[in-house]
Amino acid sequence: DTAVSQTPKYLVTQMGNDKSIKCEQNLGHDTMYWYKQDSKKFLKIMFSYNNKELIINETVPNRFSPKSPDKAHLNLHINSLELGDSAVYFCASMSTAYEAFFGQGTRLTVV
Amino acid sequence: AQSVTQLDSHVSVSEGTPVLLRCNYSSSYSPSLFWYVQHPNKGLQLLLKYTSAATLVKGINGFEAEFKKSETSFHLTKPSAHMSDAAEYFCVVSDRRDDKIIFGKGTRLHILP
C-alpha cells in the first residue's frame, strides 16, 4: 500500500484555470505538508497542517488554498493559475518520530 | 531556526570511485536528519535517516552517513559509485520545535564512465 499518495501525477492546464491536487496518507500521522519544487530543484515548504489545523503558511499567494477534510487528507486548490505556478508539488506527512514521508509528486504545467 | 547547507551544488566522480556529498545543518533542538535521492523526472526516495540512534547510519544502495554533532555535519558517502547513482541528492532536517521539514538546495551527482 502506498503510504502517501497524490493525484494526479501530471496536470497540464491553461492560465486562469482553477485546479486541485489531492493527497492522502494512510500512516495515521497528524502532520501533513505541501512543498513546491521549482525548476532549479529547490524544495520549499508551502503549508503545514496538524490534525486538520493550519500550522505553517509560508507567504504563499492566497490563490493557493489548502483544505484538510480530515487528518488523512490535505488537498491543494489553486485558483487563477499562472505560468509561474508550473512546478512539481509534493505532499508529505510526518511521524511522531519526526520522520518525513513524501508522495511521488504532481507535475503541474501551466500553458 | 533550523537550516541545511549542502556545500556542493555539483559533484562529479568516476564510476567505481568513492562518493562524498557534504551536508551541514543548524538546529537548536535534537534534529532528525535524512538523505533523499531524486532521479530525473522522478519522486523523492529515502536513502537513509538519523533519528537519535546510532550515529553511523546505513541506507539503501550502499550509501551511509555519519551524524557528527560537534561538526554539525551529516555527510553522505558510498565506497564505489555506480552509473545508476547519477541523480539529485537532498539533505533534509526536521526538529521537534517547529515541525518543519527543511531541504538543502540539493547536490547533483554526475558519474563519469
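Residue numbers begin at 1 in each chain, while the letters A, B, ... track the order of the sequences. Treat the numbers as computed from the prediction; the structure is a model and nothing was measured.
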Task: Region of B:Gln38 that comes under 4.5 Å of a non-hydrogen atom in chain A - done: side chain

Open item on the list: Minimum heavy-atom separation for B:Pro18 and B:Val13, please, with both atom names.
Closed with: O-CG1, 3.7 Å

Task: Residues, nucleotides or ligands: over 12 heavy atoms within 6.0 Å of B:Lys105 NZ - done: no

Open item on the list: Could you check whether A:Phe102 and B:Phe103 have their ring centres less than 6.0 Å apart?
Closed with: yes

Task: Residue B:Leu46 versus chain A: region with a heavy atom under 4.5 Å - done: side chain

Open item on the list: Counting heavy-atom pairs under 4.5 Å with chain A, which one of B:Glu88, B:Lys100, B:Lys42 comes out on top?
Closed with: B:Lys100

Open item on the list: At a 4.5 Å cut-off on heavy atoms, which part of A:Gln6 comes close to chain B: side chain, backbone, both, or neither?
Closed with: neither

Task: A:Gln37, part contacting chain B, at a heavy-atom distance under 4.5 Å - done: side chain

Open item on the list: Is it the case that over 12 heavy atoms from other parts of the model lie below 6.0 angstrom from the NZ atom of A:Lys52?
Closed with: no

Open item on the list: In terms of relative ring orientation, are B:Phe67 and B:Tyr50 parallel, tilted or perpendicular, with 30° and 60° separating the classes?
Closed with: parallel

Task: chain B contact via A:Ile56 - which portion, at a heavy-atom distance below 4.5 Å - done: side chain

